[in-house]
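Report on the structure given below.
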Amino acid sequence: MAQKNNFQFSIREYRPSDQHVVMSLFKDGIFEHVYPAFFKAMSHPDHIGVALSISMAGYVLGGSSYFQALLFGSAWAGLIYYCCHDIYEGYMMRRQSADMADIQASYLENPDNGFWVAETDINGQSKVVGMVGVTGKSGEEEGERFEDWNGGVTGGGSELAQDAGDGSYGEMCHMVVAFSWRRKNLGSQLTRKALDFCKERGFGRLILDVSSPQTAAISLFEKAGFVQTSSHRNTHANRWFSNLARINVMRMEKLI
């Protein structure tokens with residue numbers, strides 16, 4: 001049953017006819033993090049120092065040429081941007097060839113998984129403006145996650161991992177709200193939908209991964225009661241790219 005709210009949104013289960021708009025939301029939601037990641041990386045003191053040093057080298061090697069200094073500095077900035085873009089593009093391509101290749105089979109044909117879209121009425125027509133997915137996980141799969149992270153650093157709140165029962169939990173993914181429909185509480189409602197689903201399935205907690213440039217999403221999840229329990233830089237991109245981009249992947253979770 002669709003759930004409604006004061007902003008005339010409704011949240012319902014994904015349908016095959018939603019594929020085109022969902023994939024568009026998915027791609028936009030991934031690539032919008034590239035620029036924040038780039039600016040965040042470039043503002044790091046180490047990168048600022050390198051940029052100034054490279055620009056100075058260009059100035060000297062170019063015979064006191066300001067153009068050469070700008071050229072060298074721009075080359076460094078271009079490298080950082082490329083690293084950030086490669087990380088998010090790589091994530092998008094992996095998911096496109098995995099669960100997002102067939103949402104129906106990946107989510108709706110498994111009772112422990114779910115995928116929903118948020119609709120609103122625009123000039124008498126329904127438009128999909130958000131989405132979220134949940135995948136049910138067994139307790140054994142959590143150990144594999146930590147091994148795959150290749151040395152994730154556990155942070156505060158790790159006591160949440162000691163939940164009761166069989167250790168099963170839900171993993172939230174692909175939560176995207178279209179840009180024009182943000183700050184209207186839709187993100188909170190999609191999160192609540194995921195939490196309610198996990199409660200119905202008897203999961204002890206809901207976890208998610210979020211990258212450090214996603215400050216608005218991190219704030220939203222913190223307000224919903226999620227806490228960070230670990231952090232790592234295993235983005236599955238080239239190790240040097242991950243280090244240059246300085247993107248951390250944070251795991252957050254909430255007991256249900």
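Residue numbers start at 1 and run along the sequence shown. What's counted below: heavy atoms across the whole structure, side chains too, no hydrogens, waters or symmetry copies.
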Test item: [X] side-chain N/O and [Y] main-chain N/O as donor-acceptor pair under 3.5 Å:
X: Asp112; Y: Arg201; value: no
X: His33; Y: Gly29; value: yes
X: His232; Y: Arg251; value: no

Taking side chain to side chain donor-acceptor pair (under 3.5 Å) as the criterion, tell me which of [options] meets it with [X].
X: Tyr91; options: Arg95, Glu89, Arg94; value: Arg95
X: Glu119; options: Gln125, Lys127, Arg12; value: Arg12
X: Ser242; options: Thr235, Asp86, Asn248, Asn234; value: Thr235

Any non-hydrogen side-chain atom of [X] less than 4.5 Å from a side-chain atom of [Y]?
X: Met250; Y: Phe221; answer: no
X: Arg246; Y: Ile80; answer: no
X: Met100; Y: Phe115; answer: yes
X: Arg192; Y: Leu195; answer: yes
X: Gln19; Y: Gln104; answer: no

Test log, rule salt bridge (Lys or Arg N to Asp or Glu O under 4.0 Å), inputs Lys137 and Glu253: CA-CA 13 Å; Lys137 301 286 186 179; Glu253 56 184 83; over 6 Å; no

Tyr88-Ser211 side chain donor-acceptor pair, cut-off 3.5 Å: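 Result is yes, a qualifying pair exists.
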
